[in-house]
Amino acid sequence: MPRIALGAAAAVAYAVLLLAPLAVIVYSVSPGAALEIPPSGASLRWYAGLADQPRLISGLFTSLLLGAVATGAALVTGIPAALALTRGSLPGREAFLAVLLSPLSLPGLVLGLGVLTSAAVLANATGIQTAGTLLPLVAAHLLITIPWVVRSVAASLESTDPALEDQARSLGAGPFATLFLVTLPSARAGIVAGALSAFVISFGNFALSLLLASGRTVTLPVAIYEAVDRYQDPTVAAVSTLTIAAAVAAAVLTDRISGPLKTRDSSSGSGRQADPPALEPNR
Amino acid sequence: MDRSRRRVAGLLLLPALLVVAVVAAAPIGLLFRVALYPPGPVAPLTGGPELDSFAGLLSAPYPSVALRTLRLSLLTTVLVTLLGFPVALFLSRSRGLSRRIQTLLIVSPLLMSVVVRAYGWMLILGRQGFVGETLAALSLPRAGLLHTETAVLLALTESFLPFMILALAASLDRIDPDLLAAARGLGASSARTFLAVVVPLTLPGFLAGASFVLVGSLSAYAIPALLGGAAARTFVMEIYELVTISFDWPTAAAASIVLLLFASALLGGAALLSRRRSARTFGT
């Protein structure tokens, strides 16, 4: 196919991808509450007006906290799992990996309903009330952030040479010293990229959080959803623009950390639930 | 040595596996149980077990809602493939800075919340939005696409396009350039090389991408709820309202199970097809 035609098709596709975020950004600096074509000016008043939107502000802080806690927990559980999958010479490695990545292909709302039901059953059976706390959200977000950490760290570990660790051992380093001084530092890029993806995935998640968020635990995406469903006001666009800026910053940062984002890293096939290429059997 | 190594590996894997067991497997198991209670508004979750909640899914409005959801998902998959294939080809032939910028354009939207992107489409498609205001500014009759199936389809296509591009590009990147040179050396025209070599070799990427897009758009909530609303009710919207409005948890659980089983069958089928295909191609 001629390169020009391909380039034109790509330009159209990229324009489509830019359209929605651009609309939000343009509306966020609108001088009035109504959208104007052509715009009569620009104003930052809606950004200042965010201070009067307790639900959005509280949502922002809830999402930041939730993202941080989920990412921390995902690192604590995901890094050991990645080590086991790449260094453990485990039988059935592929199956374990598939199990760990499976939550990514579950419908978020259904998973949220399951977690909500479980929390209710737990409260009935033991009297432990988790409703209204961050716990169900943390558990649910942990589930969907672990895969990102495992994939990223495992890919990083696969590309480092295990011989380095053997040398450290033969030079007298204990298993823990080897782990913390050799293995983990060599997978640093994967760990940072995994943590970043985990945070971004948690921060932006909507479907899974919808049924679990209430009152003080309403996350930012849920707060935005409720706001845009009820009224049109550029304040929502202002806070949305902030998240758009954060997303672009995260993408640039990931690109810097792991070199040019390789398309193969993001999917050996399936967008999300695919094996990291590094873990695939050599074909 | 090897055995203790395996034991350590098992221990290291345990916490992550426990999370999947407690937060995914157990809740889904519980949904199975809840689905067996007698259904109804504000269902008390006693009695049964019975299959009435599943039987209830056969009556209105569920079959027509399921059909609409399926239609939207299939159309999304077709559109995403048609739009994504040339982009993936272009991307896989780009190098250096151009490739980095394109990758950024493809990946950035994935890092934005789906709610924010759906909101962007609301702003574009509404009667008081960019489309409506532009029409009005041009003294044309004001119109909008908001709260139509078309709006849902447009936003779904946009939101899943990056996945399909990445999946197809991954397959394209793996094609050995020598293979193309060989095809041409044996006298195949470039069109024939494309159709007989390139297209078949992107099949694994297509299958993985298509199954992901299908399942993802079947499970979408924010986009149909915000852009379609009452005009384009989908299966997941019904589940949400069963839980939050009619408190009919057994029916909501039954609908969830049906969706899960259908999604698993789709993903499993695509994986099987992909494996069989690569076994035939590579004889492994």
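Chain letters run A, B, ... following the sequence lines, proteins first, then strands; residues in each count from 1.
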| task | Return the option, out of B/W249, B/W121, B/F130, with the maximum number of heavy-atom pairs under 4.5 Å with chain A. | result | B/F130

| task | Would you mind telling me which of B/V236, B/V116, B/L14, B/L218 has the largest number of heavy-atom pairs within less than 4.5 Å of chain A? | result | B/V116

| Contacting region of B/V23 [heavy-atom separation from chain A under 4.5 Å] | both

| task | Indicate the atoms forming the closest heavy-atom contact of A/L35 with B/L123, along with that distance. | result | CD1-O, 4.2 Å

| Is chain A contacted by the side chain of B/T134, its backbone, both, or neither, given a heavy-atom distance below 4.5 Å? | both

| request: Side chain from CB out, backbone as N, CA, C, O: work out which of these in A/L143 comes under 4.5 Å of a heavy atom of chain B, or both, or neither. | output: both

| request: Using non-hydrogen atoms and a 4.5 Å limit, figure out which bit of B/L105 sits close to chain A: side chain, backbone, both or neither. | output: both

| By a 4.5 Å heavy-atom criterion (distance strictly below it), what part of B/L17 contacts chain A: side chain, backbone, both, or neither? | both

| field | Residue part contacting chain A, namely of B/L13, when any heavy atom lies under 4.5 Å | value | both

| field | Which portion of B/T244 sits near chain A, non-hydrogen atoms under 4.5 angstrom | value | side chain

| request: Measure B/V8 against the heavy atoms of chain A and call it side chain, backbone, both or neither at under 4.5 Å. | output: neither

| From A/S105 atom OG to B/L260 atom CG, the distance as rounded to the nearest 0.5 Å | 9.5 Å

| said: Which atoms of B/A25 are under 4.5 Å from chain A, going by heavy atoms: the side chain, the backbone, both sets, or neither? | reply: neither

| query | So which part of A/L109 gets closer than 4.5 Å to some heavy atom of chain B, the side chain, the backbone, both or neither? | reply | side chain

| note | Assert top hit (heavy-atom pairs under 4.5 Å, partner chain B, pool A/P221, A/A74, A/A207) equals A/P221

| said: Just verifying a value: how many Å separate A/L19 CG and B/I124 CD1, rounded to the nearest 0.5 Å? | reply: 4.0 Å

| said: Taking side chain as everything from C-beta outward and backbone as N, CA, C, O, which of these in B/E158 sits under 4.5 Å from a heavy atom of chain A? Side chain, backbone, both or neither. | reply: both

| task | For the pair B/Y221 and A/Y225, name the ring-plane relationship: parallel under 30°, tilted 30 to 60°, perpendicular over 60°. | result | tilted

| Part of B/M122 lying under 4.5 Å from any heavy atom of chain A | side chain

